[in-house]
Protein chains: 2
Amino acid sequence: MRIGELARLSDCDVETIRFYEREGLLAAPAREANGYRSYTEAHLVQLNFIRHCRSLGIGLPEVRILRSFQARPELACEEINQLIDQQIGRIHQQVETLRLLERQLHALRDTCRATQRASECGILRNLAQAAEGEGCSCHPAGHAI
Amino acid sequence: MRIGELARLSDCDVETIRFYEREGLLAAPAREANGYRSYTEAHLVQLNFIRHCRSLGIGLPEVRILRSFQARPELACEEINQLIDQQIGRIHQQVETLRLLERQLHALRDTCRATQRASECGILRNLAQAAEGEGCSCHPAGHAI
DNA sequence: TAACAGTCTGTAGTTGATACAGGGTCAAGG
DNA sequence: CCTTGACCCTGTATCAACTACAGACTGTTA
């Protein structure tokens with residue numbers, strides 16, 4: 001099949017497929033006489049694997065490692081487990097960071113519930129909190145978050 | 001003060017400060033006779049504002065907007081409120097996506113609790129789930145997540 | 001005098017794609 | 001025969017927000 005059909009079947013952009021090939025993630029296919037890429041079912045399988053990994057936030061270098069395990073099934077899969085555990089740790093860390101961020105933003109948002117002039121906007125005052133000693137229009141009572 | 005001291009005071013890398021100047025976020029400072037950048041307290045204030053926004057995940061274009069409101073305090077701050085609300089929405093969406101991801105990764109991880117050969121690794125089998133019709137070593141019972 | 005820290009400009013790399021520009025291929029329709 | 005349109009090709013540039021050099025200069029200290 002040609003690249004367009006592969007793209008349709010895998011729900012992956014044509015440019016992205018060529019990108020994966022350049023990156024050495026997807027095996028280079030045979031070419032037709034006119035130079036068009038000619039893919040097999042095996043390419044579709046490979047590509048689906050890559051997309052599935054990516055949908056789980058697994059980075060391309062890690063996908064490369066997983067692919068190498070597929071190619072050599074006699075190896076122990078300890079490294080696979082570690083890789084997934086690391087990924088879980090990373091994601092968990094990101095979630096925690098973003099939840100903190102969300103709380104901070106809500107607190108910030110609550111400092112300006114009404115539409116007023118920017119000079120009186122609690123948000124702007126809070127964002128400028130670090131600007132101590134500046135001749136700004138901040139209330140002394142304006143608490144930073 | 002010179003760029004190194006500003007970097008220390010703002011806990012921001014020297015290269016990042018020059019980057020903000022190139023991007024038009026931080027006002028270009030005066031220069032010493034030798035060409036070194038010469039910063040004032042006002043620059044430190046500006047930079048702290050930018051870093052504070054960035055620590056809240058606010059993008060550089062948005063920071064630019066907020067800075068323009070600082071420069072023109074007579075304007076209504078409605079746009080500021082909208083900007084923060086959008087930011088909250090974005091962060092919330094990211095949190096939800098990542099929490100789903102985390103659950104999926106845990107489910108995936110649970111398919112391989114022991115160290116075994118890669119060919120028997122539930123993780124690899126699950127990641128390859130999309131590879132139906134392939135002559136792989138997957139159990140028919142191996143549920144994809 | 002020489003080492004060393006700090007600074008300068010300018011450019012390239014990071015991640016994972018995405019978006020062209022500028023051209024070639026091929027089948028159907030007028 | 002010509003054209004339109006869909007598809008394909010390579011190669012390069014762009015995105016965010018920095019980060020990391022290379023190669024040169026300045027200034028202080030031993």
Side-chain angles (χ1 to χ4, degrees), chain A residues 1-26 28-39 43 46-67 83 86-87 90-91 94 97-98 101, chain B residues 1-26 28-39 43 46-67 83 86-87 90-91 94 97-98 101:
Chain A
M1 82 191 88
R2 310 232 264 228
I3 199 167
E5 193 182 347
L6 181 63
R8 248 187 326 276
L9 291 176
S10 60
D11 197 32
C12 175
D13 200 81
V14 164
E15 313 261 23
T16 304
I17 294 172
R18 286 196 278 248
F19 167 73
Y20 287 154
E21 183 183 328
R22 271 201 306 283
E23 293 295 303
L25 273 162
L26 187 61
R31 298 288 182 134
E32 298 176 19
N34 55 17
Y36 288 12
R37 288 172 180 80
S38 179
Y39 293 98
H43 287 103
Q46 281 182 31
L47 184 53
N48 280 335
F49 178 82
I50 296 167
R51 294 305 287 173
H52 189 184
C53 291
R54 291 293 303 125
S55 76
L56 292 171
I58 297 171
L60 296 190
E62 286 76 28
V63 176
R64 222 168 259 131
I65 292 169
L66 291 175
R67 298 257 296 112
L83 202 148
Q86 281 167 18
Q87 181 67 8
R90 261 196 304 273
I91 298 294
Q94 278 181 38
T97 302
L98 286 175
L101 208 56
Chain B
M1 82 190 88
R2 311 233 262 229
I3 198 167
E5 193 181 348
L6 181 63
R8 247 186 327 276
L9 292 176
S10 60
D11 196 33
C12 174
D13 199 81
V14 165
E15 313 262 22
T16 303
I17 294 172
R18 287 196 278 248
F19 167 73
Y20 288 153
E21 183 183 328
R22 272 201 307 282
E23 293 294 303
L25 273 161
L26 187 61
R31 298 288 183 133
E32 297 176 21
N34 55 17
Y36 288 12
R37 288 172 178 79
S38 179
Y39 293 99
H43 287 102
Q46 281 182 31
L47 184 53
N48 279 335
F49 178 82
I50 295 168
R51 294 306 285 175
H52 190 183
C53 290
R54 292 292 304 123
S55 76
L56 292 171
I58 297 171
L60 296 190
E62 286 77 28
V63 176
R64 221 168 260 130
I65 292 168
L66 290 175
R67 298 256 296 112
L83 202 148
Q86 281 166 18
Q87 182 67 9
R90 260 196 304 273
I91 298 293
Q94 279 180 37
T97 302
L98 286 175
L101 207 56

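Only heavy atoms go into these numbers, but all of them, side chains included; no hydrogens, no water, no symmetry mates. We name chains A, B, ... by the order of the sequence lines, and we start the count at 1 in each one.
Annotation: side chain of A:Leu101 is in contact with side chain of A:Leu98 (closest heavy-atom distance under 4.5 Å). For the pair A:Val14 and A:Arg18, the minimum side-chain heavy-atom distance is below 4.5 Å. Within the 4.5 Å cutoff, no side-chain heavy atoms of B:His52 are placed close to those of B:Asn48.
Residue-environment remark: CG (B:Asp11) stays at or below the threshold of 12 foreign heavy atoms within 6.0 Å.
In this structure, CD1 on A:Ile65 lies 5.5 Å from CG on A:Leu83, to the nearest 0.5 angstrom. For the atom pair A:Gln46 CD and A:Leu6 CG, the distance stands at 10.0 Å (nearest 0.5 Å).
Residues passing the ring-ring contact (aromatic ring centres under 6.0 Å, His included) test with B:Tyr39, sequence neighbours excluded: B:His43. For B:Arg37, the salt bridge (Lys or Arg N to Asp or Glu O under 4.0 Å) partners are B:Glu21, not counting sequence neighbours. Partners of B:Arg90 according to the salt bridge (Lys or Arg N to Asp or Glu O under 4.0 Å) rule, which considers only residues two or more places apart in sequence or in another chain, do not exist here. Here A:Arg2 pairs with A:Glu32 under the side chain to side chain donor-acceptor pair (under 3.5 Å) rule; sequence neighbours left out. Not counting sequence neighbours, A:Glu5 has no partner by the salt bridge (Lys or Arg N to Asp or Glu O under 4.0 Å) test. Partners of A:Tyr20 under the side chain to side chain contact (heavy atoms under 4.5 Å, CB included) rule, at least two apart in sequence or in another chain, are A:Cys12, A:Thr16, A:Leu25, A:Leu26, A:Leu47, A:Ile50, A:Arg51, A:Arg54, A:Leu60.
Comparing B:Ile3 and A:Leu60, the nucleotide of DNA chain C nearest to each residue sits closer to the 5' end for B:Ile3.
Looking at residues 7-26 of chain B, you'll see B:Glu15, B:Thr16, B:Phe19, B:Tyr20 sit with a heavy atom under 4.0 Å from some atom of DNA chain D. Residues from residues 29-37 of chain B placing a heavy atom under 4.0 Å of any atom in DNA chain D, listed by number, are B:Asn34, B:Tyr36.
A nucleotide of DNA chain D counts as in contact with chain B when one of its atoms lies under 4.0 Å from a heavy atom; the first and last such, 5' to 3', are D:dA17 to D:dG27. Protein chain A contacts DNA chain C from C:dG16 to C:dC26, reading 5' to 3' and using non-hydrogen atoms of the protein with a distance under 4.0 Å.
The bend of the helix from C:dT1-D:dA30 to C:dG30-D:dC1, defined by the angle between the axes of its first five and last five pairs, stands at 30° to the nearest 10°.
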Test side chain to side chain contact (heavy atoms under 4.5 Å, CB included) applied to B:Arg67 and B:Val63, step by step: CA-CA 6 Å; B:Arg67 298 256 296 112; B:Val63 176; 4.0 Å; yes
A:Asp13 vs A:Phe19, side chain to side chain contact (heavy atoms under 4.5 Å, CB included): CA-CA, chis, key distance, verdict: CA-CA 10 Å; A:Asp13 200 81; A:Phe19 167 73; over 6 Å; no
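Across all strands, A:Arg51 comes closer than 4.0 Å only to sugar-phosphate atoms, never to a base (heavy-atom distances).
Nearest heavy-atom pair, A:Ser38 versus A:Pro29, reported as atom, atom and distance to 0.1 Å: O-CB, 3.4 Å.
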